[in-house]
Amino acid sequence: MATRDITRFWEWGRKIICVGRNYADHARELKNAVPAEPVLFLKLPSAYLKEGSPIRVPRYCSVLHHEVELGVVVGKGGASIPRGSAMDHVAGYALCLDMTARDVQDECKSKGLPWTLAKAFDTSCPVSEFIPREKVPDPGNVKLWLKVNGQLRQEGCTDQMIFSVPYLVSYISEIITLEEGDLILTGTPKGVSAVQEHDELQAGMGDFMTMTFRVNRQDQS
Ligand code: MG
């Protein structure tokens, strides 16, 4: 087995745990209640996508939304991690997109069905290069933005998160044992919107990370 290089966590990390509705403004824009406890769902490692490859719109999806998010890369695994030592388990961060088949998710929600088709399809988790923890002294104060074809759609700051990074690490680890290489997506600020084939998505975190992806239909290269 290849050495576990945390700066290439997407090649071997086993879990992607996502938090929904973690920004009040975003919960409201989708007419969801602001949650009293984190809303969790999962993506799979097959959803990872790196720059240079296109985001695919699934054949069954007609409304694909972007969600720009702070990703937390787990360094040291653990279960039932106390909030006070949660940051000891964080190796670093990544700028991430939680690509969402919104029409499918709305249908799943109305039927009480799981979100797998809406959230976990291949290419639904574009990620940036690994960002070492030292680069982000306060994960509770990181600016995130996303442009589609040069137009600003999302602009927010992690200081608007309902549940903080240490809270989420601790909360999730009570339910799911965290392992080195796991990724936690911490939710998106308001401004989500639909993207079309051939659109260019550019996302940024603070003044130290940007990434760019193109969108294609699934049946094209
Ligand atoms: Mg999300």
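Atoms within each ligand, like the ligands themselves, are counted from 1 in listed order. Numbers here simply count residues along the sequence, with the first being 1. None of the values given here were measured: they were computed from a predicted structure.
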Output every pair passing ring pair (Phe, Tyr, Trp, His ring centres under 6.0 Å) with a member in residues 28-59, not counting sequence neighbours, ordered by first then second residue.
Phe9-Tyr48, Phe41-Trp115
How about Ser128 and Met205: do any of their side-chain heavy atoms sit closer than 4.5 Å?
no
Strictly below 4.0 Å, N to O, side chains only: are Lys143 and Glu155 in salt-bridge contact?
no
Less than 4.5 Å apart, any side-chain heavy atom of Tyr93 and any of Val142?
no
Under a 3.5 Å threshold, yes or no: a donor from one side chain and an acceptor from the other, between Asp103 and Ser62?
yes
Can you tell if the side chain of Arg21 reaches within under 4.5 Å of the side chain of Leu30, non-hydrogen atoms only?
no
For the Mg ion (ligand 1), how many protein N, O or S atoms come closer than 2.8 Å?
3
